[in-house]
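Accompanying notes for the structure given below.
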Amino acid sequence: MLQFLSKRFMQIFPAFVGVTLLTFSLVHLIPGDPVELLAGERGIDPERHAQMKIALGLDKPLAVQYLNYITNVFKGDLGKSFVTKKPVMREFMTLFPATLELSLCAIIFAVLFGLPAGVIAGVKRGTVFDHSVMTISLTGYSMPIFWWGLLLILFFSVHLGWTPVSGRLSPLYWIDADTGFMLIDTLKSDEPGAFKSALSHLILPSIVLGTIPLAVIARMTRSSMLEVLKEDYVRTARAKGLSPLRVIMVHALRNALIPVITVIGLQIGVLLAGAILTETIFAWPGVGKWIVESINRRDYPVVQGGILIISSLIIIVNLMVDILYGIINPRIRHTG
Amino acid sequence: MMNWKNYIRSFSITALSIAGILTIMAVSSYAKTFVYCSEGSPEGFTPALYTAGTTFDASSVQVFDRLTHFERGTTKIIPGLAESWEVSPDGMTYTFHLRKNVDFHTTSFFTPTRKFNADDVIFSFDRQRDPKHPYNKISGGNYEYFTSMGVAELLKSIEKKDDYTVIFHLTKPESPFLANLAMDFASIHSAEYADKMLKAGTPDEFDQKPVGTGPFVFVSYQKDSTIRYQANETYWQGRAKIDKLVFTITPDASVRYAKLKAGECHLIPYPNPADLEQMKKDTNINLMQKEGLNVGYLAFNVKVNEFKDAKVRQALSMAINKQAIIDAVFQGAGKVAKNPIPPTIWSYNDAVTDYEYNVEKAKALLKKAGFPNGFETDLWAMPVSRPYNPNARRMAEMIQEDWSKVGVKAKIVSYEWGEYLKRSMTGEHKTLLLGWTGDNGDPDNFLSVLLGCDAVGSSNRSQWCYKPFDDLIKKAKMTADPAERTKLYEEAQLIFKEQAPWVTIAHSVVYEPMSTKVVDYKIDPFGKHIFYGVDLKE
């Protein structure tokens, strides 16, 4: 197990350096001068332009800029935003809870509905239920998120008035961000109704963000179940006279879960990075929207730092999935 | 064993008391909360550091005051923190008498110990003009408007005569100076607060947590989410009619519209043009509109042979069907322009008559000017979309079509935006499409910048230097009396029309959709969103 762990940890390092190098070069490849963009439409005189380039450290050759950047990163300093002049790490920390809260709710929604749907579709293969699950999940998977989000808003928020359109909390509640997790903050505050408001604001974005993972999980669970149900040990279990429920839940599902867990792990990464559209539609103050806006403003430190942190998180989640594998299936830890 | 009756009894008592408490709380915490679904996050809260309207909406407009103000909904200058002022006869010295008994905001992070005075004025300007000032370099230290409006060169010195009198010494007479002082960058900050933050070693916080004298007190900002303000109880112009003001940051226009429909916001900026028709039909929405502070124009390069004669320029003005352009290119978000300044600017001359669209007359005039068979020219079209010209390419094609009817063949040319601006300054073009958005609502900000002799070779794209016109605007710039200035500008506009260095094409139209509960909202000609003076109906 120890060897397995150390091997996995060794693989992180090159991935991490690769990410920094890739984001750094990509960000600098986008045409557009951050100084000009900061100055806005009115333009800026050349002298002031040069001064600002020096102030932002953009006057040096790219290789030197990268070396400076990576040295600072190893010191734990991701730099300051060109626009707000605040440390990138601090901005990330204020926004990340929002993204995490939304992603967690979305994945819970996806697992809660995707897993049972997949299991039932697998067991009842070829039935109407199976076909409907597969059709719906395919539709869900191919749905353009922006359109889907607006559709839900128009129907549930504008037409029926059941859920709020966007944001994290009704403006009537004045609650300070303490932990940054609105559900926790509202629970801690003594304002009646605030928690309910926060919860109702989470419903639509969670559904929208969770739709694709739900579809993926349902399909994966189904095909994995189909595989496992064909196995000898399932037949044996049935032959032993175990109840069908026990056969499915204990003998089949447990083994079918391995690829599903991989997928869920990967989906968490996709969620963190892919919350961008959902965050924009629902005016959700998270990191996805923050990074996109920074790309538009050529706010290099934010783009680099933000992507670096998110990639690191994805790398760590994948590592944890690998370890989880090892626990569920000892064969992997020996062969891997 | 507790029986069911007991359960039900205790449950109903609890439920009733909770309901009672909730009702009491609802009644007692009832406050008029105005929710504005803004389009983006502010860059910071010190307006002088930034140029974006979104930032001004969140900072200068709600939290700060300036020495002079624009009267709400107009470009007229009225007293602000300066109660009155005198201008020396040579126009080089401005003496401001400051308002007494004005409080800076008391917030959770700062409690002022003194009232507003001359030190605050000096601090607010010195920070921007003195490179050695302790705050000059804080938060990036880029004072874009201060530099680009020429205030940096204009200010010789600022003198504190006493606590309530400040004298500005200028390097040259400049009557738009009062309008410049009403701009966002000239917002007055608390010197005491600045000092406190400097001593605490957190000068950056000064630009993130604003303290002003304005109608609303800043309470908190959650990045990319909400900004909260509370009415300033002791505001010198009287307390705001609303109690709380909340900005809910909503970047997508469709979502803003959905929020307005669902009653989650009272007012939204920048609607999708495609949604306007539906908004007009909605009885719960009041769609206000006003011309923007801008002008879209076609400039003739008068240095080019074909366009030296004013008759040719007049003829080509008549040959363009402007209304058709407005309908096709602006889709309702534009109005035909006849003057180089928009109607929201004081001194706009409504007596000017525009050239009517008349192909026959245009042909006759061209013949008179010696071009019976027309000629060939180029027509530059901007590569970007702007409120004053959302689609220059399409506009150019329509003009090309119109001109071909009088025998003028125009070739459409375009460059990358930066290149376009640079090349057109030196007059490489024969005719070009461009526009301008005003900064301070002063006619000089349009007429001198775009049509003055001094601007030939830079922002005067027509390269048009016409002495009778230039004399008028130069004289107006030196004149302090607004009535006198108005007369001069009105006359200048007549000369402009007669000489026709441009075809004035359009002013954009700004739409502000709001809930019908909103009372007394006025669209700001500068495109800002002012909530002081606004009320909410029950």
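Sequence lines set the chain letters: A, B, ... in the order given, protein chains first and strands last, and positions in each chain run from 1.
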Original post:
More than 12 heavy atoms of other residues, nucleotides or ligands under 6.0 Å from NE2 of A:His159: is that the case?
Top reply: no

Subject >> Which atoms of A:Ile281 approach chain B - backbone, side chain, both or neither, heavy atom under 4.5 Å >> reply: both

Original post:
Contact part of A:Ile175 toward chain B, heavy-atom cut-off under 4.5 Å: side chain, backbone, both or neither?
Top reply: backbone

Subject >> A:Phe282, part contacting chain B, at a heavy-atom distance under 4.5 Å >> reply: neither

Original post:
Closest heavy-atom contact between B:Gln208 and A:Thr84?
Top reply: NE2-O, 3.6 Å

Subject >> Side chain / backbone / both / neither for B:Thr248 at chain A, heavy atoms under 4.5 Å >> reply: side chain

**OP:** Write down the atom of A:Ser157, the atom of B:Ala262, and the distance for their closest heavy-atom approach.
**Re:** O-CB, 4.0 Å

**OP:** Can you tell which part of B:Tyr50 gets under 4.5 Å to a heavy atom of chain A, answering side chain, backbone, both or neither?
**Re:** side chain

Subject >> Heavy-atom pair with the smallest gap, counting every atom of A:Thr280 and B:Asp252 >> reply: O-CB, 4.3 Å

Original post:
What is the minimum heavy-atom distance between B:Thr250 and A:Ala283, and which atoms define it?
Top reply: CA-CB, 3.9 Å

Distance-only donor-acceptor hits, side chain of residues 287-295 of chain A, under 3.5 Å, sequence neighbours excluded:
unit_1	atom_1	unit_2	atom_2	d
A:Lys289	NZ	B:Asp224	O	3.4
A:Trp290	NE1	A:Glu91	OE1	3.0
A:Ser294	OG	A:Trp290	O	2.7

**OP:** Counting only heavy atoms closer than 4.5 Å, note whether B:Val35 contacts chain A via side chain, backbone, both or neither.
**Re:** side chain

Subject >> Minimum heavy-atom distance A:Val165-B:Glu264, with the two atoms named >> reply: N-OE2, 2.5 Å

Subject >> A:Pro171 and its side-chain contact (heavy atoms from CB on, under 4.5 Å) partner, picked from B:Val246, B:Leu245, B:Thr226 >> reply: B:Val246

**OP:** Could you tell me which residues satisfy side chain to side chain donor-acceptor pair (under 3.5 Å) with B:Ser38, sequence neighbours excluded, listed by chain and number?
**Re:** none

Original post:
Should B:Gln222 and A:Leu169 count as side-chain neighbours, where that means a heavy-atom distance under 4.5 Å?
Top reply: no

**OP:** With rounding to the nearest 0.5 Å, note down the distance linking OH in B:Tyr221 to OG1 in A:Thr94.
**Re:** 9.0 Å

Subject >> Over all atoms of both residues, closest heavy-atom pair of A:Trp174 and B:Tyr229 >> reply: CH2-O, 3.2 Å

Original post:
Which region of B:Thr33, side chain (C-beta onward) or backbone (N, CA, C, O), has a non-hydrogen atom less than 4.5 Å from a non-hydrogen atom of chain A, or is it both or neither?
Top reply: side chain

Subject >> Over 12 foreign heavy atoms within 6.0 Å of NZ, B:Lys223 >> reply: yes

**OP:** Mind checking the NZ-CD1 spacing from A:Lys85 to B:Ile138? Nearest 0.5 Å is all I need.
**Re:** 11.5 Å

